[in-house]
Asks: 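Got a structure here, written out as structure tokens. Questions coming.
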Amino acid sequence: MDASLYIISAVVSFCASVAGAVCGIGGGVLIKPILDAFGILSVASISFLSGCTVLSMSCYSVVKSQTAGVSLVKKETGTPLALGAAIGGVMGKAVFQYLSGLVTDKDQVGAIQALCLLIITLGTLIYTVKMKEIRTHQVKNPGICVIIGLVLGVFSSFLGIGGGPINLVVLFFFFSMDTKTAAQNSLYIILFSQAASLINTLVTGDMPEFQIGLLIVMAAGGVLGGAAGRRVNRHMDGEMVNRLFMSLMVIIMAICVYNMIRFM
């Protein structure tokens, strides 16, 4: 069982991180539901390991872009968003812990997460299809940016997905970013929210049971996937990234429906 667990986790974390780095969705939006579908770990353990994997991938991608001088992160809006996401990351973790304490059947938490992710992903897909018809905005007020980031952080931490598709929709709509710029800014936000969530977990001692070797394997998969995703992204234009993004949304929704049925 251990060997298959490691193989599945390594493959899923790597492939999801490749897609996450290309599209700016972090990878957790794939890792979390896919591992839930396999049923190889508890909901809490998967959420924690998924968050750590996304943190390692986003850290690599953001630092690499900065040092290579190819970063598209807009610091004047990206930093307030990231700070808000850090606060939201702590809040989202608290919501998850509170909900877990309310129910005796932990699978119910997984069902709620799957339903929330399904709704968010469906909304994201509809927006992406209609994106050219929707008027976007140019938010510059730092205070509003912090509030938007806070909401993103709550969702990403509670769902254990890092950031996922909701980040891109928000960046498209509120900041009129193109696909590639939104992808890099999304990873920047994810880095802060996941770092805050992890620090909060370590401080409060609410860490679920997991094998340290599994954490190392998945974190390595996140970094390697982030590196591969950066290379793939350089050879794709915005339209190709959009098509990949929409395809992933359909796959995620199908997995969410499966998980809802399995957890019920």
Side-chain angles (χ1 to χ4, degrees), residues 8-10 12-17 19-21 24-38 40-62 82 84-100 106 109-110 112-114 116-117 120 149-167 186-226 229 252 259:
I8 291 171
S9 299
V12 170
S13 60
F14 173 78
C15 294
S17 296
I25 57 176
V29 72
L30 289 165
I31 296 171
K32 176 67 170 62
I34 291 174
L35 291 185
D36 276 343
F38 277 108
I40 53 181
L41 292 167
S42 69
V43 170
S45 296
I46 292 173
S47 292
F48 177 77
L49 290 171
S50 173
C52 290
T53 305
V54 171
L55 176 60
S56 65
M57 186 279 283
S58 60
C59 184
Y60 170 82
S61 297
V62 170
I87 299 170
V90 175
M91 294 173 63
K93 187 70 176 178
V95 173
F96 178 82
Q97 295 294 343
Y98 175 74
L99 187 61
S100 297
K106 300 307 178 185
V109 180
I112 293 171
Q113 286 180 315
C116 291
L117 184 56
I120 289 172
L150 187 147
V151 175
L152 292 177
V154 169
F155 275 108
S156 66
S157 183
F158 170 69
L159 296 176
I161 60 173
I166 190 173
N167 280 17
S186 175
L187 292 176
Y188 185 68
I189 295 168
I190 289 169
L191 172 60
F192 278 73
S193 66
Q194 290 306 117
S197 179
L198 175 60
I199 292 171
N200 180 64
T201 298
L202 295 175
V203 170
T204 59
D206 292 324
M207 196 175 299
E209 291 185 5
F210 65 91
Q211 297 178 27
I212 188 65
L214 195 59
L215 173 61
I216 294 171
V217 166
M218 292 183 65
V223 172
L224 294 174
I252 292 166
N259 284 338

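We use all heavy atoms of the structure for the numbers below, so side chains are in, but hydrogens, waters and symmetry mates are not. As the structure is a computational prediction, the values presented were derived from the model and not from experiment.
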Asks: Main chain of F158, side chain of Q113: is a donor-acceptor contact present, judged purely on distance under 3.5 Å?
Replies: yes

Asks: Considering all heavy atoms of both residues, which atom of I40 and which atom of S9 are nearest to each other, and what is their separation?
Replies: CD1-OG, 4.1 Å

Asks: Considering all heavy atoms of both residues, which atom of S61 and which atom of L187 are nearest to each other, and what is their separation?
Replies: CB-CD1, 3.9 Å

Asks: If you take all heavy atoms of A19 and I25, which pair is closest and at what distance?
Replies: O-CG1, 4.4 Å

Asks: Return yes if some donor-acceptor pair links the side-chain N/O of S197 with the main-chain N/O of S193 below 3.5 Å, else return no.
Replies: no

Asks: Is the OH atom of Y60 crowded by more than 12 outside heavy atoms at less than 6.0 Å?
Replies: yes

Asks: Under the criterion side-chain contact (heavy atoms from CB on, under 4.5 Å), which of I31, L41, L35 is the partner of L49?
Replies: L41

Asks: Say you draw a straight line from CZ of F192 to OG of S58; how long is it, rounded to the nearest 0.5 Å?
Replies: 10.0 Å

Asks: Return the CE to CG distance between M57 and L191, rounded to the nearest 0.5 Å.
Replies: 10.5 Å

Asks: Using a 4.5 Å cut-off on heavy atoms from C-beta on, say whether the side chain of I120 contacts that of V29.
Replies: no

Asks: Roughly how far apart are F96 CZ and I112 CD1, rounded to 0.5 Å?
Replies: 10.0 Å

Asks: How far does OG1 of T201 sit from CD of Q194, to the nearest 0.5 angstrom?
Replies: 9.5 Å

Asks: Identify the residue among L150, V151, L152 that makes a side-chain contact (heavy atoms from CB on, under 4.5 Å) with V154.
Replies: L150

Asks: Could you walk me through whether V12 and L30 satisfy the side chain to side chain contact (heavy atoms under 4.5 Å, CB included) test, starting with their C-alpha distance in whole Å, then the side-chain angles of each, then the deciding distance to 0.1 Å, before giving a yes or no?
Replies: CA-CA 8 Å; V12 170; L30 289 165; over 6 Å; no

Asks: Closest approach of A219 and S56, non-hydrogen atoms and distance?
Replies: O-OG, 3.1 Å

Asks: Can you see whether S13 engages T53 through a side-chain donor-acceptor pair at a distance of less than 3.5 angstrom?
Replies: no

Asks: Please report the shortest heavy-atom distance between P208 and F48, naming the atom on each side.
Replies: CG-CB, 3.6 Å

Asks: Looking at every heavy atom in both P33 and G28, which two are closest together, and how far apart are they?
Replies: CD-O, 3.8 Å

Asks: So, taking the atom named OG in S47 and the one named CD in Q97, what distance separates them when rounded to the nearest 0.5 Å?
Replies: 9.5 Å

Asks: What's the separation between atom CD1 in I8 and atom CE in M218, rounded to the nearest 0.5 Å?
Replies: 11.5 Å

Asks: Please check: side-chain N/O of S45 versus main-chain N/O of E209, any donor-acceptor pairing under 3.5 Å?
Replies: yes

Asks: Side chains of V43 and K32: does their closest heavy-atom pair fall under 4.5 Å?
Replies: yes

Asks: Is it the case that the side chain of S157 and the backbone of K93 share a donor-acceptor pair, with hydrogens and angles ignored and the cut-off at 3.5 Å?
Replies: yes

Asks: Quick check: does any side chain N or O of N259 sit under 3.5 Å from a backbone N or O of A37, one acting as donor and the other as acceptor?
Replies: yes

Asks: Would you say L224 and S17 make side-chain contact, with heavy atoms under 4.5 Å?
Replies: no

